> 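So that we are looking at the same thing, I have put the structure below in structure tokens.
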Amino acid sequence: MQKFWIKVLIFFLIYSIGFSQAIKWEEKANKMVNEQIAIRGVTDPEVLAVLQKTPRHRFVPDKVSKYAYNDHPLPIGEGQTISQPYIVAFMTEMLDTDSNHKVLEIGTGSGYQAAVLSPLVNHVYTIEIVKSLANSADSTIKKLGYKNITVRWGDGYKGWPKEAPFDRIIGTAAPPEIPLALIEQLKPGGKMVLPVGTRWQEIVVVTKNASGEISKKNVLPVRFVPMVRQK
Ligand code: SAH
């Protein structure tokens with residue numbers, strides 16, 4: 001009988017620790033949205049809500065998960081990083097998504113940016129050049145129950161011809177110049193947001209009008225990992 005009560009006690013202890021941690025990450029996400037993102041000028045309520053609801057700590061390695069909601073990028077292995085929360089929010093807002101959009105992401109990394117886009121669009125296709133990162137992002141995404149994200153291991157310079165054209169393209173690694181294949185795979189009326197440059201980089205918003213003409217606007221100086229070419 002005593003054993004039974006000890007088991008009940010242990011059950012409740014574990015349950016309440018789990019519960020308090022669940023509250024903790026939501027509070028941290030709330031603070032992150034208010035103190036890092038909204039304050040810097042991201043105003044789209046849908047973008048702020050999705051940043052609030054996405055469990056960023058589940059996308060980073062365990063040893064850095066306590067820093068997941070801090071105001072900086074974090075290492076995710078293989079020399080790569082998950083972008084600072086504000087940059088993710090800013091680029092998502094710039095992408096100007098709609099619920100019927102087919103989106104291509106270059107540089108899956110942890111899968112966090114794809115997860116942030118998932119509730120805002122119809123489908124996210126995301127390409128990662130490092131196989132181990134593609135695999136672990138895919139398993140995180142499946143574990144968390146995202147149904148409209150497809151991860152592929154491959155070279156983003158080529159885009160995803162089989163699924164093209166895309167309403168929106170987002171790049172999260174910096175090429176020295178905007179890759180031609182990505183411009184080609186953008187729908188007329190489409191938009192692409194990506195960092196461009198080598199040592200000096202800026203986020204560029206590329207728009208393609210109905211007749212296929214391109215215009216570009218530099219919107220923010222940044223520092224991203226380079227978009228590398230397949231060896
Ligand atoms: N969006 C990611 C952050 C990505 S960091 C996230 O939310 O976590 C940039 C990623 O781009 C790295 O994982 C890097 O391996 C990948 N990358 C670099 N060059 C690439 C290329 N040519 N094609 C696809 N992915 C590439």
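Bear in mind that the values here come from a model prediction, so they are computed numbers and not experimental data. Counting starts at 1 for both ligands and their atoms, following the listed order.
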> Look at ligand 1 and say whether A137 reaches it with a heavy atom at a distance under 4.0 Å.
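Not so, A137 does not reach ligand 1.
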> List the closest protein heavy-atom neighbour of atom 13 (O) of ligand 1: residue, atom name, distance to the nearest 0.1 Å.
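In this structure, atom 13 (O) of ligand 1 has E128 OE1, 2.7 Å as its nearest protein heavy atom.
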> Among all the protein's non-hydrogen atoms, which is closest to atom 23 (N) of ligand 1, and how far away is it?
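Here the closest protein heavy atom is G156 N, 2.8 Å.
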> With respect to atom 6 (C) of ligand 1, which of G79, S110, G107, P73 exhibits the smallest heavy-atom separation?
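That would be S110.
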> Taking W160 as the starting point, is it possible to reach I178 by hopping between hydrophobic residues whose side chains are less than 4.5 Å apart?
yes
> Do Q113 and ligand 1 have an N or O pair less than 3.5 Å apart?
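Min N/O separation from ligand 1 is below 3.5 Å for Q113.
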> List the closest protein heavy-atom neighbour of atom 12 (C) of ligand 1: residue, atom name, distance to the nearest 0.1 Å.
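The protein heavy atom lying closest is Q80 OE1, 3.2 Å.
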> Checking side chain to side chain contact (heavy atoms under 4.5 Å, CB included) against M94, which of V47, V205, L220, L194 comes through?
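Considering V47, V205, L220, L194, a side chain to side chain contact (heavy atoms under 4.5 Å, CB included) with M94 is found only for V205.
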> Taking 4.0 Å as the limit for heavy-atom contacts, which would you say applies to E105 with ligand 1: side chain only, backbone only, both, or neither?
side chain
> Considering only heavy atoms of I127, which atoms of ligand 1 have at least one such atom less than 4.0 Å away?
24 (C), 25 (N)
> Please work out, at 4.0 Å between heavy atoms, whether the side chain, the backbone, both, or neither of T81 comes within that distance of ligand 1.
backbone
> Of the listed options (V225, T126, I129), which comes nearest to atom 17 (N) of ligand 1 when hydrogens are ignored and any heavy atom counts?
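Heavy atom nearest to atom 17 (N) of ligand 1 belongs to I129.
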> Run the numbers for me: atoms of ligand 1, each under 4.0 Å from some heavy atom of L133, listed by number.
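Contacts of ligand 1 toward L133, numbered from 1: 13 (O).
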> Tell me whether the guanidinium CZ or amine NZ of R56 lies under 6.0 angstrom from the six-membered ring centre of Y112 and within 45° of its axis.
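Judged by the rule, R56 and Y112 form a cation-pi pair.
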> Is the number of heavy atoms from other residues, nucleotides or ligands under 6.0 Å of Q230 CD greater than 12?
yes
> Between the candidates I87, I82, T108, which shows the shortest non-hydrogen contact distance to atom 2 (C) of ligand 1?
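Nearest heavy atom to atom 2 (C) of ligand 1 lies in T108.
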> Is it possible for you to check whether R152 lies under 6.0 Å from the centre of the six-membered ring of Y125, through NZ or CZ, and within 45° of that ring's axis?
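No - R152 does not lie over the ring of Y125 by the 6.0 Å and 45° rule.
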> At a non-hydrogen distance cut-off of under 4.0 Å, which region of V228 contacts ligand 1 (side chain, backbone, both, or neither)?
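Both backbone and side chain of V228 come within 4.0 Å of ligand 1.
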> Classify the ring geometry of Y69 against W25: parallel below 30°, tilted from 30° to 60°, perpendicular beyond 60°.
parallel
> Using distance alone, determine whether M227 and ligand 1 share an N or O pair under 3.5 Å.
no
> Are the side chain of T92 and the backbone N or O of V88 linked by a donor-acceptor pair below 3.5 Å?
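Such a contact is found between T92 side chain and V88 backbone.
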> If the threshold is 4.0 Å, N to carboxylate O, is there a salt bridge linking D155 and R229?
no
> Check this for me: D62, atom CG, are more than 12 non-hydrogen atoms of other residues, nucleotides or ligands nearer than 6.0 Å?
no
> Short question: side chain of D138, backbone of A134 - any donor-acceptor pair under 3.5 Å?
no
> With a 4.0 Å cut-off, would you call D167 and K102 a salt bridge?
no
> Is there a continuous path of hydrophobic side-chain contacts, each under 4.5 Å between heavy atoms, that joins V124 to F90?
yes
> Flag V130 as yes when one of its N or O atoms lies below 3.5 Å from any N or O atom of ligand 1, and as no otherwise.
no
> Which one holds for P226 and ligand 1: side chain close, backbone close, both close, or neither close, with close meaning a heavy atom under 4.0 Å?
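Backbone only.
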> What atoms of ligand 1 come within less than 4.0 Å of a heavy atom belonging to Y112?
7 (O)
> Which ligand 1 atoms are under 4.0 Å away from a heavy-atom of G154?
23 (N), 24 (C)
> What protein heavy atom sits nearest atom 9 (C) of ligand 1, and how far away is it?
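Answer for atom 9 (C) of ligand 1: T172 O, 3.3 Å.
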